[in-house]
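Residue numbers start from 1 in every chain, and the chains themselves are labelled A, B, ... in the order their sequence lines are given, proteins ahead of strands. Scope of the values below: all heavy atoms of this structure, side chains included, with no hydrogens, waters or symmetry mates.
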Amino acid sequence: MLTEDFSELENLRLEKMLQLRQNGIEPYPTRSYKNSSNADAIKAFEAHEAAGEAEALKLTLAGRLRAIRHMGKLSFAHIEDRTGKIQLFMRINEVGQDKLDEFVRYFDLGDFIEATGTMVRTKRGEVTLQVEDFRMLSKALYQLPAAKDEVVDGEIVRHAALTDPETRYRQRYVDLAVNPEVREIFRIRAEVVRGLRKFLDSRGFLEVETPILQPIYGGAAAKPFTTYHNQLHQELFLRVSFELYLKRLLVGGLDRVYEIGRDFRNEGVSFKHNPEFTQLEFYMAYADYNTIMDMTEQMISEVAQEVLGTMIVNFNGHEIDLTPPWNRLQIRQGLIDHAGIDIQDYPTAADLEEVLKARQISFKPGTPRGKLINLLMDTYLEPILIQPTFLYDYPRDISPLAKAKPEDPSTVERFEGYIGGMELCNAFTELNDPLDQEKRFLELGRAYAEDDEERNPMDEDFLRALAYGMPPAGGFGIGVDRLVMMLTGQHSLREVILFPPLREEE
RNA sequence: GGGCGCGUAGCUCAAUGGUAGAGCAGCGGCCUUUUAAGCCGUUGGUUCAGGGUUCGAGCCCCUGCGCGCUCACCA
């Protein structure tokens, strides 16, 4: 039972709750009659004051008790709701001895209270509700971590705030309840997603939903989570990307589609990796990767401007300017400039292996050429791509769904966007030649034959769809969590995911 | 999975191998315009768990658990 291992403090609160009930006061009443948010109350009073209204402004407010200051025959308190804090001022003159005693005896920090009274301004100038009546809305049996805000030169300094990451993530409700800046991150996150939708909707894109449970996973080289459907007697995979389903929709005539949803990859966790993460993918017929590059920098900068009111963000210790146009760096040229290697001079994996060995970059034997190039990019390019940069023209063998460049069959029209040294998005001119696509699947099957889990299985139905004809198109994918992380200047994905995965307790 | 680090009161943190402490929160008292309210008094500990070394372990050793950082992994 919950109360079994209650501490002394918790038992005290439990006792208060039970006593209230004994006195005929329900500590968890069904309804509240709050008729204004805290912020609206302050706004309304200021307008009232400015208009010189003689009549008092009477309101019923409610929220969580965040500070209590008893002063003998009067009490001050702050309550907090979704819109912020407001001060309550309670005098024996208005509420009487019994109610004041009730407040002092039974109300604790963290409880939800409803108070009715008139709006006033205190001697110190704070807009305050002078309470005439109040009641318990919800008694908190556990105490929230003590956190006191001090205003120093207009800056809010919080004392003894909850910072332990395990408690913060495991009991996110506590984190949110006491750390307003955490709430702010998730408000921004919601607005970012809304901004992305608005950008795409206004350009004629259709938002769709495709299966999360899939008989064949694909669209990314990632290890899937597996599950089982009892009635169908079928093994199913949680999707690792939306790509193959969204491109089927291009075949079906939905020329511009996008999906925002969860992808699942059964892999390690890091500051920029989470086993489930939110992805935005869009596909645009009659576009190519150049079109998509332009759109990407527009979309991200517009969303930043709209949500943050600026295109300058601080991330990873750098001031980053999202204003278009972004840098564009061809991979081959980038490696010539920053590594002194022209990959064109090393047409086979064996050739490149010598280069990596000479530079003491470790790799697994049998690594395909494209992956070796990727290692060079990780070493020489990714860390220096601080300001927004499109890295483009990828090796064909690590891009099985992208279309090759007409003049160079070993290279595909693909780019990734990097900001603050972190990969943010991935896009390409989509491969729409069904026979070429089949060949790529087969090549990939060979390349990954030894590593069963990473093998990208052949999707026969996807090939069948392509064989009906898919318009030329550009496609795009972005990690929404990473985008929010960058826009909010957070150093870890966990700070922008409400309930990040943790090992089970006990 | 490997390496490194951390785990002490509800929260934030102290404590040479020698009686486990502070601030805030809590509890009692004073206080009719406070706001990190203040003043006086006071409660609160399986030091993550289990073993070991030692006359004696929060501290040293081992194992386990959890968290963080990092490497690997992640086209």
Sub-6.0 Å ring centroid separation between A:Phe390 and A:Tyr289: no

query: Is A:Arg503 touching bases, backbone alone, or none of the nucleic acid, heavy atoms closer than 4.0 Å?
result: sugar-phosphate

A:Lys73 NZ to B:U33 P, straight-line distance once rounded to whole Å: 12 Å

- prompt: Is there a donor N/O on one and an acceptor N/O on the other, under 3.5 Å, for the side chain of A:Asp149 and the base of B:U35?
  reply: no

Side chain of A:Met71 - closest among B:C24, B:C31, B:G26: B:C31

- prompt: Heavy atoms, side chains only, cut-off 4.5 Å: are A:Arg265 and A:Phe225 in contact?
  reply: no

- request: Remember a base hit wins even if backbone is also touched, and classify A:Asp108 as base, sugar-phosphate or nothing at under 4.0 Å, heavy atoms.
  value: sugar-phosphate

query: Which whole number of Å gives the distance between the P atom of B:A20 and that of B:C48?
result: 15 Å

A:Lys139 NZ/CZ over A:Tyr28 ring centroid, <6.0 Å and within 45° of normal: no

- request: Identify the nucleotide, in any strand shown, that forms a Watson-Crick or G-U wobble pair with B:G68, with both distances under 3.5 Å; if there is none, say none.
  value: B:C4

- request: Please name the pair of heavy atoms, one in A:Asp81 and one in A:Asn38, separated by the smallest distance, quoted to 0.1 Å.
  value: OD2-N, 3.0 Å

task: Just name whichever nucleotide pairs with B:A57, Watson-Crick or G-U, keeping both distances under 3.5 Å, else none.
output: none

query: Base, sugar-phosphate, or nothing for A:Gly268, non-hydrogen atoms under 4.0 angstrom?
result: base

query: How many Å lie between CE on A:Met90 and C1' on B:U33, as a whole number?
result: 14 Å

- prompt: To the side chain of A:Phe76, which of B:G66, B:U34, B:G26 is closest?
  reply: B:U34

- line: Partner of B:C27 under the Watson-Crick or G-U wobble criteria, both distances under 3.5 Å, comes out as B:G41

query: Out of B:U33, B:U43, B:G68, which nucleotide sits closest to the side chain of A:Arg494?
result: B:G68

task: Under a 3.5 Å limit for both distances, which nucleotide forms a Watson-Crick or G-U wobble pair with B:U47, could you say?
output: none

task: For A:Ile68 and B:U33, give me the distance from atom CD1 to atom C1', rounded to whole Å.
output: 17 Å

- prompt: Considering Watson-Crick and G-U wobble pairs with both distances under 3.5 Å, what does B:U19 pair with?
  reply: none

task: Select one nucleotide: of B:G68, B:C11, B:U34, the one nearest the side-chain heavy atoms of A:Arg69.
output: B:U34

task: Between B:U43 and B:G28, how far apart are the P atoms? Round to whole Å, please.
output: 14 Å

- prompt: Is the closest basic N to carboxylate O distance between A:Arg332 and A:Asp393 below 4.0 Å?
  reply: no

message: So A:Arg369, base contact, sugar-phosphate only, or nothing? Heavy-atom distance under 4.0 Å.
response: nothing

- request: With C1' as the reference atom in both, quote the distance from B:U42 to B:U35 in angstrom, rounded to an integer.
  value: 25 Å

statement: From the candidates B:U33, B:C11, B:A25, the one with an atom nearest any side-chain atom of A:Leu9 is B:A25

- request: For A:Gln19 and B:C27, give me the distance from atom CD to atom P, rounded to whole Å.
  value: 13 Å

message: Just to be sure I understand the rule, does A:Thr163 reach a base, reach only the sugar-phosphate, or reach nothing, if contact means heavy atoms closer than 4.0 Å?
response: sugar-phosphate

query: Is the phosphate of B:A37, meaning OP1 or OP2, less than 4.0 Å from a side-chain N or O of A:Lys148?
result: yes

query: Which whole number of Å gives the distance between the P atom of B:U34 and that of B:C6?
result: 47 Å

- prompt: Which nucleotide, B:U35, B:U33, B:A75, lies nearest any side-chain atom of A:Gln87?
  reply: B:U35

field: Of the listed nucleotides B:A75, B:A25, B:U34, the one nearest the side chain of A:Ala221
entry: B:A75

field: A:Leu375 CG to B:A72 C1', straight-line distance once rounded to whole Å
entry: 12 Å

message: Suppose we define a pair by two distances each less than 3.5 Å, Watson-Crick or G-U wobble; what does B:U34 pair with here?
response: none

- prompt: Taking the side chain of A:Glu150 as heavy atoms from C-beta outward, which of B:U34, B:G68, B:A36 is closest to it?
  reply: B:A36

- prompt: Strictly under 6.0 Å, is that where the ring centroids of A:Tyr217 and A:Phe237 end up?
  reply: yes

message: Work out how far the C1' atom of B:U53 is from that of B:A14, and round it to whole angstrom.
response: 27 Å

- prompt: When the C1' atoms of B:G5 and B:U19 are considered, how many whole Å apart are they?
  reply: 31 Å

- request: Please report, rounded to the nearest Å, how far the P atom of B:G10 is from the CD atom of A:Gln171.
  value: 12 Å

- prompt: Counting any heavy atom closer than 4.0 Å, what does A:Glu10 reach on the DNA or RNA strands: base, sugar-phosphate only, or nothing?
  reply: nothing

message: Under 4.0 Å, counting only non-hydrogen atoms across every strand here, what does A:Leu12 touch: a base, just sugar-phosphate, or nothing?
response: sugar-phosphate

query: Does A:Glu126 make a side-chain donor-acceptor contact with the base of B:U34, cut-off 3.5 Å?
result: no

task: Nearest-nucleotide wise, let me know which of A:Arg414 and A:His78 is further upstream toward the 5' end of RNA chain B.
output: A:His78

query: A:Thr122 near the nucleic acid: base, sugar-phosphate alone, or nothing, with a heavy-atom cut-off under 4.0 Å?
result: base

- prompt: When the nearest nucleotide of RNA chain B is assigned to A:Ala161 and to A:Gly125 on a heavy-atom basis, which residue is associated with the more 5' position?
  reply: A:Ala161

task: Rounded to the nearest angstrom, tell me the gap between atom CG in A:Leu129 and atom C1' in B:U35.
output: 16 Å

query: What is the nucleic acid contact for A:Tyr394, judged by heavy atoms within less than 4.0 Å: base, sugar-phosphate only, or nothing?
result: nothing

- request: Determine the contact category for A:Gln143: base if any of its heavy atoms lies under 4.0 Å from a base atom, sugar-phosphate if only primed atoms, P, OP1 or OP2 are that close, otherwise nothing.
  value: base

task: Using the P atom as the reference point in each nucleotide, state the distance between B:G58 and B:G17 in Å, no decimals.
output: 12 Å

message: Please pick, from B:U32, B:U34, B:C69, the nucleotide with the shortest atom-to-atom distance to any side-chain atom of A:Arg124.
response: B:U34

query: When the distance from CD1 of A:Ile42 to P of B:U35 is rounded to whole Å, what number comes out?
result: 18 Å

- request: Classify the angle between the aromatic ring planes of A:His48 and A:Phe45 as parallel (below 30°), tilted (30 to 60°) or perpendicular (above 60°).
  value: parallel

- request: Give the C-alpha distance, both sets of side-chain angles, the deciding distance and a yes or no for side chain to side chain donor-acceptor pair (under 3.5 Å) between A:Glu126 and A:His78.
  value: CA-CA 11 Å; A:Glu126 183 167 347; A:His78 273 96; 2.7 Å; yes

message: Tell me whether A:Arg414 forms a cation-pi arrangement with A:Tyr394, defined as NZ or CZ under 6.0 Å from the six-membered ring centre and within 45 degrees of its axis.
response: yes

message: Could you check, using the six-membered ring where one of them is a Trp, whether A:Phe134 and A:Phe103 have ring centers closer than 6.0 angstrom?
response: yes

query: Base, sugar-phosphate, or nothing for A:Lys16, non-hydrogen atoms under 4.0 angstrom?
result: sugar-phosphate

message: When the C1' atoms of B:G44 and B:C39 are compared, how many Å lie between them, rounded to an integer?
response: 22 Å

message: Please pick, from B:U12, B:U43, B:A75, the nucleotide with the shortest atom-to-atom distance to any side-chain atom of A:Leu162.
response: B:U12

